[in-house]
Amino acid sequence: MTPADLADAVLAAVRAAVDSGDLDVAVPGDVKVERPKNREHGDYATSLPLQLAKPARRPPREVAETIAKPLRETPGVASVDIAGPGFLNITLEPGAQGELARTVVAADEDYGRTSTMAGQRINLEFVSANPTGPVHIGAVRWAAVGDALARVLTASGAEVTREYYFNDAGSQIDRFGRSLMAAAQDKPTPEDGYAGAYIDDIAKQIVASRPDIFDRGDEAAQQQFRAAGVDLMFAEIRDSLADFGVTFDVYFNEKELHEKGELDAALERLRSHGHVFEEDGAVWLRTTTFGDDRDRVLVRTGGEPTYFLADCAYYLDKRERGFDRCIYLLGADHHGYVGRLRAVAACFGDDPDRTLEVLIGQLVNLVRDGEPVRMSKRAGDYVALVDMVDAIGADAARYALARYSSDSPIDLDLDLWTRHTNDNPVYYVQYAHARVASLLRNASELAIPLGDPDAFRPELLGHDREGDLLGALGEFPRVVATAAELREPHRVARYLEELAGTYHRFYDVCRVLPRGDEETTDLHRARLWLVEATRVVLRNGLALLGVSAPERM
RNA sequence: GCGCCCGUAGCUCAGCGGAUAGAGCAGCGGACUUCUAAUCCGCCGGUCGCAGGUUCGAUCCCUGCCGGGCGCGCCA
C-alpha cells in the first residue's frame, strides 16, 4: 500500500461517513497523509479531522471517530488510533507496508512518475546567457536547477520545452565584435568592450580561418568578426552545457524576431489593446496599469526598438507556439524584471497568474581557499561553467547547485565539493547507490535472484529499520510531485540524502545476504526486494538531478 | 526612498498551519574476523531576528520594526 493509496482510503472513509449520515461536510479533494516523526504515532498520520471539525460543526475527536470507523475496515490497515486533539494515527499490516517493495520494483523507471501536472504545456526558459562570453557561474545555477526542474515537471506529467533565448542582436553583440577585431589587431580593448583570454582565442581562430578578413575594409571586417564570433561563442556555450548534461529543446534566436517582423507585430498587438502611448518622441508601454513601477520604452526617440520590445515579441511568440505557461528563470540581479514581464502578459490580455511565472534565483559565490572568487565577464577573471566542472566534476557541480533552495544565496566552497568525504553530500548519496549495487552484484554471484514476485513475502519486512526504509521509499512520488508543483527541485536532493541515510542505517543492522553456508531464507529474499527497490529510487532520484548513479566507488 | 529575497544549533542549511523544530559539519565518546567504515551509534548544542495579529494549533500566514543580500536606464 502506497501513501497515495492510503490517502485515497482516508478520503473514501470520509465519503462513507458522509453517506451514512455520520458526518455532514464537503469531502475534500485530497488529503495529506504523512509519516510521523515519532514511531508511536503509527506508520502514517493525518490531521484531517482537525481541519474538518469546523465545517462539520463537530468536535475534532468526534469527527476523527466517524472517519476512523470505516477506515479500520480498509484492507491493509491494521489499526487506527485517535490521538491528541484529533489526529488519526494509522498502522498498516506488515504485509501491506512491505508490498511497496514489489510496487517499486515493478514500476522501475516509472516509479516517481505521477500525472499531477498532466496536460500542462510549459515553456521553461533558463540560462539564456549572452553569446559574448563563456557561461559564468551565475547562469550555471539555473542550468543545474532549471534542468532538474524540467525533469521533475516532466515526471509529474507536464509537457516541458527547455528553451534558451539567444541574444544575438543588439549593441552588446556590436561591442563583442569590436572587441574581437581590436584583439586581432593588437589594439587595446574598446571602451565598454569585452576582455579576457577568450576574446584573444576567438579572435585568433577567426583570423586563422579567414586570413583575408581585413581586405574589404574595417566595416566589412567587423561584420565578420561579429557573426563568426557569435557562432564560435555559441558553439562553445552549447558544448560546455552539454558537458554539464544540459541540452535545450529550443535555442531561440533574438535575431529571428527582428527578421520575421515580430517586433512590429507585437507592437501593433499591444497598440490594439490600448496600452501604447507616445511621449518625448518615444513609444511607451503603459505597464504601470498592471502594477509595474514605471512605464517602459518600446521604441526609442531615434526609432530604434528596445530590448524590452523584443521581450514582448518573444513572450507573444511563446504563447502563439501554444504554451499555457511560460516560466522564466532569472538571477536575483534581474528581479526588477518581474513586474514588467507580468505587465507584458497582462497588456497582451493574458492573466499573468496563469500564463507567466518568473522564478528568481539568488546569487552564487564561489569560494576557494576561504577567499571569494571574483566573477566578471567584462574583466575576464570570472569562473566559468567549464572551470567549475574541471574543478569539482559535473556530478558534484550539479548536485551542489541543485541542493539548495533558489531563494537563498549560496557560497560554494570548491575545496569542499572536491573532497571525497562525508562533508560532501553528493558522495553520501552516490555511495549509498554504489553500496546497493555492490550488494546486488554479490547476490547475483551467489545465484540468489529476486525470484518470482509471487514468492515475495512482504510481511517478513517487520523490522523497524525495514519499516523506515519502506516508509522513505513510499515518499518518493510525493516528493517529486511537490518539487514540481513548488518549482523546488532541491527537495529531491534533500530527500535522497535522507533515503541514503535510512538505507545505511538499515544496512547496518539488517543482514541481507546469507553468510557462509547459511541457507537462503524467505527473509533474505524479501530484503533483497527491499534493496532492489532502494536501488530503483536512488537511481531515479539522481537521474532527476542529472547526477550519475555509480555502480562502484 | 521604493521593490524582491533572506534571518532556524558554533558553521552550512532542511522544514508548502500540526504532536517533543531536524540533518550534515565542527566538538567529545564509541562500533570494522561479518553483504563497500566514503558507513553506523551515543553525547553536546535552540528566546526559530524582535513585537503584535489571525488560528483549536504559527518556524510557516498577515502587519510593523531591526539586520543582511540584490535591484530600481530611451543599457542589454
Side-chain angles (χ1 to χ4, degrees), chain A residues 32 34 36-38 40-41 45-47 50-51 53-54 59-60 83-87 89 130 132 167 169-173 175 192 254 279-284 292-294 296-302 304-308 310-311 331-339 358 360-363 365 403-413 416 419-425 427-428 430-432 434-443 445-446 482 485-486 488 490-491 493-495 497-498 500-501 503-516 524 527-528 531 552-553:
Chain A
K32 196 157 84 181
E34 47 189 19
K37 197 80 202 164
N38 189 337
E40 288 166 18
H41 295 150
T46 178
S47 61
L50 289 160
Q51 292 153 38
K54 186 172 258 183
F87 292 99
N89 292 340
N130 286 346
T132 51
N167 299 113
S171 59
Q172 87 279 4
I173 298 295
R175 292 208 306 272
D192 284 341
E254 181 188 356
E279 198 173 283
D280 301 332
V283 181
W284 298 69
D292 195 6
D293 38 13
R294 49 173 303 157
R296 306 289 166 178
V297 173
L298 293 165
V299 184
R300 298 189 190 102
T301 306
E304 186 83 358
T306 59
Y307 183 89
F308 177 64
D311 276 345
D333 52 345
H334 284 69
H335 80 251
Y337 283 47
V338 178
V358 185
I360 299 299
Q362 298 302 310
L363 302 179
N365 293 303
R403 93 180 273 268
Y404 301 95
S405 160
S406 302
D407 283 340
S408 49
I410 46 177
D411 293 331
L412 289 188
D413 184 339
L416 178 126
R419 254 175 252 157
H420 288 210
T421 69
N422 200 12
D423 315 13
N424 190 339
Y427 283 100
Y428 187 75
Q430 287 186 314
Y431 179 62
R435 238 182 171 187
V436 165
S438 166
L439 197 156
L440 293 172
R441 268 197 308 275
N442 294 343
E445 274 165 28
L446 293 170
T482 303
E485 184 194 334
L486 300 178
E488 292 182 348
H490 75 273
R491 286 167 183 273
R494 300 301 177 140
Y495 164 80
E497 289 167 30
E498 232 175 274
Y503 177 75
H504 288 313
R505 285 185 286 276
F506 155 80
Y507 181 93
D508 204 45
V509 294
C510 294
R511 177 76 200 187
V512 177
L513 299 176
R515 308 162 199 246
H524 291 131
R527 285 180 171 168
L528 210 49
V531 172
R552 287 188 169 82
M553 286 176 77

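Reminder, nothing fancy here: chain letters follow the sequence lines and each chain counts from 1.
Nucleotide B:G7 is matched to B:C66 when pairs are restricted to Watson-Crick or G-U wobble geometry with both distances under 3.5 angstrom. Pair assignment for B:C2 gives B:G71, based on Watson-Crick or G-U wobble hydrogen-bonding distances that are each under 3.5 Å. In this entry B:C60 has no Watson-Crick or G-U wobble partner, no candidate having both defining distances under 3.5 Å. Across all strands shown, B:G46 has no partner, as no Watson-Crick or G-U wobble contact with both distances under 3.5 Å is found. Nucleotide B:G17 forms a pair with no other nucleotide shown, judged by Watson-Crick or G-U wobble geometry with both contacts under 3.5 Å. Nucleotide B:U33 forms a pair with no other nucleotide shown, judged by Watson-Crick or G-U wobble geometry with both contacts under 3.5 Å.
Scanning both residues, A:Asn167 and A:Ile173, for their nearest heavy atoms gives O-CD1, 3.4 Å.
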Does the pair A:Asn424 and A:Tyr431 meet the rule for a side chain to side chain contact (heavy atoms under 4.5 Å, CB included), with working shown?
CA-CA 11 Å; A:Asn424 190 339; A:Tyr431 179 62; over 6 Å; no

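A:Arg403 comes within 4.0 angstrom of nothing in the nucleic acid, heavy atoms only. In this structure, A:Ser408 reaches the sugar-phosphate backbone alone: every heavy-atom distance under 4.0 Å involves primed, P, OP1 or OP2 atoms, never a base. If you check every strand for non-hydrogen atoms under 4.0 Å, A:Asn167 touches nothing. Across all strands shown, A:Ala45 has heavy atoms under 4.0 Å from base atoms, whether or not it also approaches the sugar-phosphate. At the heavy-atom level, A:Ser405 lies under 4.0 Å from the strands shown only through sugar-phosphate atoms. Here A:Ala332 lies in heavy-atom contact (under 4.0 Å) with sugar-phosphate atoms only. Among the atoms of the strands shown, only primed sugar atoms or phosphate atoms (P, OP1, OP2) are found under 4.0 Å from some heavy atom of A:Leu363. A:Asn89 comes within 4.0 angstrom of a nucleotide base, judged by non-hydrogen atoms across all strands. Using a 4.0 Å heavy-atom cutoff across all strands shown, A:Arg515 reaches at least one base atom of the nucleic acid. Residue A:Leu50 is classed as a base contact, given a heavy-atom separation below 4.0 Å to a base. Note on A:Tyr507: a base of the nucleic acid sits closer than 4.0 angstrom, heavy atoms only. Using a 4.0 Å heavy-atom criterion, one finds that A:His504 contacts the sugar-phosphate atoms exclusively.
Within 6.0 Å of atom CD in A:Gln51, more than 12 heavy atoms from other residues, nucleotides or ligands are found, so the atom counts as buried in its surroundings.
Judged by ring centres under 5.5 Å apart and planes tilted less than 30 degrees, A:Phe87 fails to stack against the six-membered base ring of B:G18. Judged by ring centres under 5.5 Å apart and planes tilted less than 30 degrees, A:His334 fails to stack against the six-membered base ring of B:G71.
A cation-pi geometry, defined here as NZ or CZ lying under 6.0 Å from the six-membered ring centre and within 45° of its normal, does not hold between A:Arg435 and A:Tyr503.
Mapped onto RNA chain B by nearest heavy atom, A:Gly336 and A:Asn442 fall at different nucleotides, with A:Asn442 at the one closer to the 5' end. Looking at which nucleotide of RNA chain B each of A:Pro514 and A:Ala500 is closest to, the 5′-most match is held by A:Pro514.
The same atom, C1', is picked in B:C41 and in B:G24; the two are 16 Å apart, to the nearest Å. Comparing the C1' positions of B:C74 and B:C4 gives an interatomic distance of 25 Å, to the nearest angstrom. Between the P atoms of B:U34 and B:U12, the separation comes to 39 Å (whole Å). Atom P of B:C50 sits at a distance of 15 Å from the matching atom of B:C11, rounded to the whole Å. Between B:U8 and B:G69, the distance separating the two P atoms is 15 Å to the nearest Å. For the P atoms, the distance linking B:C62 with B:C5 amounts to 10 Å, nearest Å. Between B:C48 and B:A9, the two P atoms lie 10 Å apart (nearest whole Å). B:A58 and B:G53 have their C1' atoms separated by 11 Å, with the value rounded to a whole Å.
Between the P atom of B:G15 and the OH atom of A:Tyr495 lies a distance of 16 Å, rounded to the nearest Å. Counting to the nearest Å, the P atom of B:U39 and the OH atom of A:Tyr503 are 14 Å from each other. Nucleotide B:C75 holds its P atom 13 Å from the CZ atom of A:Arg296, rounded to whole Å. Rounded to an integer number of Å, the gap from A:Arg491 CZ to B:C60 P is 16 Å. A:Arg435 has its CZ atom 4 Å from the P atom of B:A37, to the nearest Å. When rounded to the nearest whole Å, the span between CG of A:Asp292 and P of B:C72 equals 13 Å. Regarding A:Arg494, its CZ atom lies at a distance of 20 Å from the P atom of B:A21, rounded to whole Å. Rounded to an integer number of Å, the gap from CD of A:Glu488 to C1' of B:C60 is 13 Å.
Using a 4.5 Å cut-off on side-chain heavy atoms (C-beta onward), A:Glu497 and A:Arg494 make contact. A heavy-atom distance below 4.5 Å is found between the side chains of A:His504 and A:Tyr428. Within the 4.5 Å cutoff, no side-chain heavy atoms of A:Ile360 are placed close to those of A:Asp407.
Distances shown here put a side-chain N or O of A:Lys54 below 4.0 Å from the OP1 or OP2 atom of B:C56. Contact annotation: A:Ser438 side-chain N/O to B:U36 OP1/OP2 distance is under 4.0 Å. For the OP1/OP2 pair of B:C40 and a distance below 4.0 Å, the side-chain nitrogens and oxygens of A:Tyr428 include at least one atom meeting the criterion. Contact between the side-chain N/O atoms of A:Arg300 and the OP1/OP2 oxygens of B:C75 is found at a separation under 4.0 Å. When the side-chain nitrogen and oxygen atoms of A:Thr46 are compared with OP1 and OP2 of B:G18, none of them lie within a distance under 4.0 Å.
A donor-acceptor contact under 3.5 Å is not formed by the side chain of A:Ser171 with the base of B:C75. Residue side chain A:Asp508 does not reach the base of B:U39 through any donor-acceptor N/O pair under 3.5 Å, judged by distance alone.
When the nucleotides B:G71, B:C74, B:C13 are ranked by their closest atom to the side chain of A:Thr301, B:C74 comes out on top.
With hydrogens and angles disregarded, no donor-acceptor distance shorter than 3.5 Å links the side chain of A:Asp280 to the backbone of A:Ala282.
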